[in-house]
Amino acid sequence: MNEKYPFSQIEPRWQTYWNDNGLFKTDHTDTRNPYYCLMMFPYPSGALHVGHGRNYILGDAVARYKKMQGFNVLTPMGWDAFGLPAENAAIKTGTPPKESTLKNISVMKEQLASWGVSYDWDRELASCNPDYYKWTQWLFTQLYKRKLAYKAEAAVNWCPDCATVLANEQVVDGACERCESEVEEKFLAQWFFKITDYAQRLLDDLDTLDGWPDRVKTMQRNWIGRSEGTEINFALVPRDDQTDPIEHVPCFTTRVDTIYGCTYMVVAPEYPALKELVKGLEQEEAVNTYSRNASKRTNIERMAEGDEKSGVFTGRTVINPYNGEEVPLWVSDYVLMGYGTGAVMAVPAHDTRDWAFAKKYTLPIRVSIDNPDHPLDVTTMEEAYTANGTLIDSAEFTGSPNRDAIPKMAAYATEQGFGESTIQFRLRDWLISRQRYWGAPIPMIHCPACGTVPVPDKDLPVVLPENVDFKPTGESPLATCEAFMNVACPECGVDARRESDTMDTFVDSSWYFLRFLNATDDTQAIDKQACNDWFPISQYVGGIEHAILHLLYSRFFTKVIHDLDLIDFNEPFAQLFTQGMICKRNEEDGQLYKMSKGKGNVVNSDELIRDYGADTVRVYTMFIGPPEKDAEWNDQGIEGASRFLKRLWRRVWEKHDQLTAAANTPLDIDSMEPAGRDLYRTANETIQHVTDAMDGAFHFNSAIAQIMSLLNSIDSTGVDDNSNDQHKASYRFAIDTVIRMLSPFAPHICEELWRELGNDDSILRAEWPKVDEASLARDEIEIIIQVNGKLRDKLTVSASCSKEDLETQALALPAVQKHIDGKTIRKVIVVPGKLINIAAS
RNA sequence: GCCGGGGUGGCGAAAUGGCAGACGCGCCAGACUCAAAAUCUGGUACUGGUAACAGUGUGCGGGUUCGACUCCCGCCCCCGGCACCA
């Protein structure tokens, strides 16, 4: 053993050992104590940096910790290997996506190994391999057969830079989440998954996910956006020639209670019947011009206008079915076609947007809900009254509190046949077609005779052809590959054409976690029995950026796969941990940015491992702060972790003789001297604290702090040749405890020291230490003495000291006397074993 | 606007209603050294005081309590999500 900590020698040695001895291989047919620990699989971008590290190091620490606690831990890893970057790189460099992707995978695999992160590589999968995407395609056909996959022409988000459509979830503030280009609206025929069918279940089951962070559940709730309301049909006042395409204009409202205050109605500029409704009217040109202009303006422009509203009168009127009143129909872009029915009943007195619009165009305003505290007066009101109140001027509903009126008025609509209670969701169907090359081909065939036909199971996979010119043109690259496109119709045999779009890569990642139980099985997509045994995943670890996208889609897929009777569970992830990002300050502008290649603020992990070793990088990464919060990388901070490990190494080396001598000494508290006994107690207290910090909320930063603190106690206690056997044994126990508890974070050094201290088996098979309750007892305890809640003194007394005795001693203390002098003692609180508080005034 | 999470030393942070600032970084002083690095020892919230000690202190204002970073009420600010969503 060397005095100097030789991390560069021991780390590769143990990595090879763990790998060669299959310490992370899991027999999933052994279902005793299963613990499935999964880290979100990475996109093989080519190089990992310390910002990525948090995810894998955290997950690895959990896996090692659970293993030591006796769980049968499953930790597989794979590659989210389809996607745009490889394709874009190929366009630049000419290297085919497949080649660069496979190369990146092998580089990253080595990097993960160099961090000491261990996986069961027998289960490795890559979403770009035909033996994986065969089943992605098979699942697509299953969805199609259940009418959960459909092709429809719709207004879609188009990213001009990526030259493909995007899902709503991939549009952030009107821009592409990947390249930040402004998204355009296009009208195209595209494939969708009917996630909206699952909206209610996706919402309801969030309540069962106790192991998920609130913020993620909230984000999903917001995204699903359920609102309860009433749909009301306003009859269109017909024109003389009876040429209208519709008789009613239905609208959705959450505030049917305000309907007697409705003074006009508004439809969205994209309202389908609008053109017909205004045909031949003097308003026709104005309405059409308005609609055209509105659709040309981007979301960003619309948002920039804020409260300033615009619109035009259509020349038509509709009838409020509650009071038979005729109100004008307007068009305005403050009404969205994508939500509700695209038409809104306007109640300016009780809605801020309607108020602004009515004021601008001097439309009538009528109060129908009165403020119980200050009766409202239209002539003096300065803004819409949106709070609760009592209905006025509302026919038979007058006098009702407005919240009570809603169900009554909805029931009335149903009775009268002009409306009903409904529920609206903000969630839209998931658009999964992509006009790009590097993805799984959509396994569908367009036959001139039979229409759209799914590729039969026996013909799967539809293999992605390799010699394709995939420069983005807006057309799907596969469409140019005749060898790929031409196919006989599986039903009638005539010449047909394949679907040329590929699938969104989020489809690939929506079910990969199920595939680790049978990654090489070419007979079925999913092993039902194995999945039922191992799911839901005990611990899923990943970035918050997937709060909606991946995590919502995966929940949807799990429910669909459940409904296909391929698994028996409804939710994939029991516990979810979303780690914060690692950021680094930009030297030029002083701002904090997420560590990324684009921002040029990455800290290269290879260099750090070379200079400090993987264990140091791991310990610092976990010590940097609470793992769910963002953290700022500090180049000096890593020195602390480095010193700590060096000190541990040195201590074991220096005290090697005493530690070895104590190897077989049974611990006996009663024959320990005070110093040894104190150290033994401190070690046990530390076990308690560290175990608490590891469980639950993953307070790994605190766990490491406690372990550091124990090493400080070890150093201040010390041991030498003159120490007696029990002292040496206590010292050894404390060192053993440090090594065991630190091993999930710094596995290499701990494995090395563990063996050095005479253990034959891997520390991975060592037990997590347990608290010796007997050690926690003290003969003497320190009591905090407070006067009026302020610390005034401390008192060391025998543990058996009576309450009364303690009180007397405390009151006699000069520091206490000083502060109660001249005051009356009102109360004395004695918390046994802890403190005394004297209330005096 | 609605929802979620935060606000504690110079910095990262820690505290089942019970000693605020553990642990680490940085800094200061000392030891070792010809010197430096490494290492070790001590100190380090603020104000006053040589010190003992006293006062103040967990975003702001109230409240509950013997006792509040922690619980309750009302604000302010920061971060994240949703948003002309009817």
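Chain letters run A, B, ... following the sequence lines, proteins first, then strands; residues in each count from 1. Atom set for the values below is all heavy atoms of this structure, side chains included, hydrogens, waters and symmetry mates excluded.
If you take atom C1' in B:G67 and the same atom in B:A20, they sit 14 Å apart, rounded to whole Å. With P as the reference atom, B:G4 and B:C72 are 14 Å apart, rounded to whole Å. Here the separation of B:G21 from B:A36, taken at their C1' atoms, is 34 Å to the nearest Å.
Classification of the A:His350-A:Tyr385 ring pair by plane angle, with boundaries at 30° and 60°, yields perpendicular. Ring geometry for A:Trp330 versus A:Phe357: interplanar angle over 60°, hence perpendicular rather than tilted (30 to 60°). Ring geometry for A:Phe698 versus A:Phe577: interplanar angle of 30 to 60°, hence tilted.
The stretch residues 202-210 of chain A does not touch RNA chain B, since none of its heavy atoms comes less than 4.0 Å from the strand.
Nucleic acid contact class of A:Pro213 (heavy atoms, under 4.0 Å, all strands): none.
Listed by chain and number, the residues in a salt bridge (charged side-chain N to carboxylate O under 4.0 Å, His left out) with A:Glu228 are A:Arg226 (sequence neighbours excluded). With sequence neighbours left out, the ring-ring contact (aromatic ring centres under 6.0 Å, His included) criterion links A:Tyr620 to A:Trp633.
Evaluated for a side chain to side chain contact (heavy atoms under 4.5 Å, CB included) with A:Val267, the options A:Val344, A:Leu274, A:Val318, A:Thr341 yield exactly one hit, A:Leu274.
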Scan nucleotides 39-49 of chain B against the protein and return all N/O pairs shorter than 3.5 Å with their distances rounded to 0.1 Å.
| residue | atom | partner | partner atom | Å |
| --- | --- | --- | --- | --- |
| B:U39 | O3' | A:Arg650 | NH2 | 3.1 |
| B:C40 | OP1 | A:Arg650 | NH2 | 3.4 |

What pairs of nitrogen or oxygen atoms, one from the protein and one from nucleotides 63-70 of chain B, lie under 3.5 Å apart?
| residue | atom | partner | partner atom | Å |
| --- | --- | --- | --- | --- |
| B:C66 | OP1 | A:Lys827 | NZ | 3.0 |
| B:C66 | O2' | A:Asn837 | ND2 | 3.1 |
| B:C66 | O2 | A:Asn837 | ND2 | 2.6 |
| B:G67 | O4' | A:Asn837 | ND2 | 3.3 |

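Between A:Tyr334 and B:A86 there is no side-chain polar atom (N or O) within less than 4.0 angstrom of OP1 or OP2. Between A:Asn712 and B:G24, a side-chain N or O to OP1/OP2 separation shorter than 4.0 Å is present.
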Pairing pattern in dot-bracket form [Watson-Crick, G-U; both distances under 3.5 Å; | = partner strand] for RNA chain B
(((((((..(((.....[....)))((((((.......))))))((((....))))..(((((..]....))))))))))))....
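Salt bridge annotation for A:Arg221-A:Asp207: present, with a cationic side-chain nitrogen under 4.0 angstrom from a carboxylate oxygen.
Comparing A:Asn701 and A:Asp354 against RNA chain B, the residue whose closest nucleotide sits nearer the 5' end is A:Asn701.
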